[in-house]
Chemist: 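Quick one: the structure is below, questions incoming.
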Amino acid sequence: MAKTVFEKIIDRELPSKILFEDEKCIVIEDIAPKAPVHVLVIPKKPIKMLSKATADDQELLGHLMMIAKQISEKLNVQDAFNIVINNGAEAGQTVFHLHIHLLAGRDFSDLFPT
Ligand code: 5GP
């Protein structure tokens, strides 16, 4: 299987702006930001998409969310951010390696009107 762009970034075969890294994940700035703050929390394990995760991934998925929370604090957006996971091409997923979008500084409330 050919590596995804995120595997290449994790393996340092492609450059990226890395904000955080540990043994389980990497956090990078999105190359085409859709908000003033737009970072991606990416597991090192190449899970194709959330719907392909298994019970074995439960701890990893929780870890990714906690890292997103920590990064929101580091970027000082902890009081107002959005988390997005696109699952599948029809839902807008373009890179088939699970990732969490952390977005801040833009009002997305029109997408979810109350
Ligand atoms: P998706 O559409 O799969 O949910 O999100 C993929 C995201 O990855 C997009 O927001 C896109 O801008 C970002 N992206 C694609 N290629 C690269 C890259 O080479 N470097 C970085 N930093 N982000 C990328």
Side-chain angles (χ1 to χ4, degrees):
M1 276 287 274
K3 284 185 180 182
T4 65
V5 67
F6 293 159
E7 282 175 280
K8 289 180 185 169
I9 285 171
I10 290 163
D11 292 342
R12 303 299 197 273
E13 292 168 13
L14 277 179
S16 71
K17 191 131 185 232
I18 298 171
L19 301 185
F20 175 84
E21 182 170 20
D22 66 12
E23 72 285 3
K24 292 179 183 156
C25 71
I26 192 167
V27 182
I28 62 170
E29 287 187 355
D30 197 289
I31 202 168
K34 283 80 181 175
V37 170
H38 186 176
V39 305
L40 304 170
V41 183
I42 307 168
K44 291 187 173 175
K45 180 178 177 181
I47 301 167
K48 196 172 169 193
M49 58 181 87
L50 184 59
S51 59
K52 301 290 184 193
T54 69
D56 287 347
D57 298 317
Q58 183 162 332
E59 188 186 336
L60 175 61
L61 295 177
H63 181 73
L64 299 177
M65 292 300 274
M66 291 306 289
I67 294 299
K69 170 194 138 89
Q70 287 171 26
I71 295 296
S72 77
E73 291 162 358
K74 188 171 164 181
L75 298 176
N76 207 27
V77 297
Q78 67 271 24
D79 293 331
F81 64 86
N82 296 84
I83 290 289
V84 173
I85 298 175
N86 295 323
N87 187 90
E90 286 181 39
Q93 186 175 3
T94 57
V95 179
F96 290 89
H97 180 134
L98 174 65
H99 50 283
I100 296 175
H101 296 259
L102 166 57
L103 302 130
R106 182 180 153 190
D107 183 5
F108 289 98
S109 58
D110 55 326
L111 294 176
F112 303 100
T114 50

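Whatever order the structure lists them in is the order used to number ligands and atoms, beginning at 1. When reading the values below, keep in mind they use all heavy atoms of this one structure, side chains included, and skip hydrogens, waters and symmetry mates.
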Chemist: Has ligand 1 got any nitrogen or oxygen that is less than 3.5 angstrom from a nitrogen or oxygen of D30?
Modeler: yes
Chemist: For ligand 1, which atoms have a heavy atom of N86 less than 4.0 angstrom away?
Modeler: 1 (P), 2 (O), 4 (O)
Chemist: NZ of K24: more than 12 outside heavy atoms within 6.0 angstrom?
Modeler: yes
Chemist: Check I28 against ligand 1 and report side chain, backbone, both or neither, counting heavy atoms closer than 4.0 Å.
Modeler: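 Only the side chain of I28 comes within reach of ligand 1.
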Chemist: What protein heavy atom lies closest to atom 8 (O) of ligand 1? Include the residue and the distance to one decimal.
Modeler: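 Sorting protein heavy atoms by distance from atom 8 (O) of ligand 1 puts F6 CZ, 3.4 Å first.
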Chemist: Under 4.0 angstrom from ligand 1, any heavy atom of K34?
Modeler: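 Per 4.0 Å heavy-atom rule, K34 contacts ligand 1.
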Chemist: What is the nearest protein non-hydrogen atom to atom 3 (O) of ligand 1, stated with its residue, atom name and distance?
Modeler: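 Checking every protein heavy atom, the shortest distance to atom 3 (O) of ligand 1 gives T94 N, 2.7 Å.
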Chemist: Considering the options L60, I10, L64, I100, which one meets the side-chain contact (heavy atoms from CB on, under 4.5 Å) requirement together with C25?
Modeler: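 Only one option passes, and that is L64.
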Chemist: For atom 4 (O) of ligand 1, tell me which residue out of H97, K8, H101, Q93 has the closest non-hydrogen atom.
Modeler: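 Answer by nearest heavy atom: H101.
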Chemist: Could you tell me whether a side-chain N or O of D107 sits under 3.5 Å from a main-chain N or O of S109, the two making a donor and an acceptor?
Modeler: yes
Chemist: Over all heavy atoms of both residues, which pair between A32 and H38 is shortest? Give the atoms and the distance, please.
Modeler: O-ND1, 4.2 Å
Chemist: If we set the cut-off at 4.0 Å for heavy atoms, which region of I9 has an atom near ligand 1: side chain, backbone, both, or neither?
Modeler: side chain
Chemist: For ligand 1 and H38, I'd like to know whether there is a polar contact (N/O to N/O, distance under 3.5 Å).
Modeler: no
Chemist: As an exercise, identify every atom of ligand 1 less than 4.0 angstrom from a heavy atom of A32.
Modeler: 12 (O)
Chemist: Considering both backbone and side-chain atoms of L14, is one of its nitrogen or oxygen atoms within less than 3.5 Å of a nitrogen or oxygen in ligand 1?
Modeler: no
Chemist: What atoms in ligand 1 come closer than 4.0 Å to a heavy atom of L40?
Modeler: 8 (O)
Chemist: For atom 23 (N) of ligand 1, find the nearest protein heavy atom and state the residue, atom name and distance (0.1 Å precision).
Modeler: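 Result for atom 23 (N) of ligand 1: I31 N, 3.3 Å.
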Chemist: Atom 1 (P) of ligand 1: which protein heavy atom is closest, and how many Å away?
Modeler: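 The answer is H99 NE2, 3.1 Å.
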Chemist: Does F96 come within less than 4.0 angstrom of ligand 1, counting non-hydrogen atoms of the residue?
Modeler: no
Chemist: Which bit of V5 gets closer than 4.0 Å to ligand 1, counting heavy atoms only: side chain, backbone, both or neither?
Modeler: side chain
Chemist: Please answer whether the main-chain N or O of H97 pairs with a side-chain N or O of E7 as donor and acceptor at a distance below 3.5 Å.
Modeler: no
Chemist: Please determine whether the number of non-hydrogen atoms from other residues, nucleotides or ligands lying under 6.0 Å from atom CD of E73 exceeds 12.
Modeler: yes
Chemist: Of the non-hydrogen atoms in D57 and K45, which two are nearest, and what is the gap between them?
Modeler: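 Looking at all heavy atoms of both residues, the shortest contact is OD1-NZ, 2.5 Å.
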Chemist: Between A104 and F81, what is the shortest heavy-atom contact and its length?
Modeler: CB-CB, 4.1 Å
Chemist: Give me the nearest non-hydrogen protein atom to atom 22 (N) of ligand 1 as residue plus atom name, then the distance to 0.1 Å.
Modeler: E29 O, 2.9 Å
Chemist: Closest approach of F108 and K34, non-hydrogen atoms and distance?
Modeler: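 Closest pair (atom of F108, atom of K34, distance): CZ-O, 4.1 Å.
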Chemist: Knowing that exactly one of V39, L19, N82, V84 qualifies, which makes a side-chain contact (heavy atoms from CB on, under 4.5 Å) with L102?
Modeler: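 Answer to the side-chain contact (heavy atoms from CB on, under 4.5 Å) test with L102 among V39, L19, N82, V84: V39.
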Chemist: Grouping I, L, V, M, F, W and Y whenever their side-chain heavy atoms are under 4.5 Å apart, do I83 and F20 come out in a common cluster?
Modeler: yes
Chemist: Can you check whether V95 has an N/O within less than 3.5 Å of an N/O in ligand 1?
Modeler: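 By distance alone, the answer is yes.
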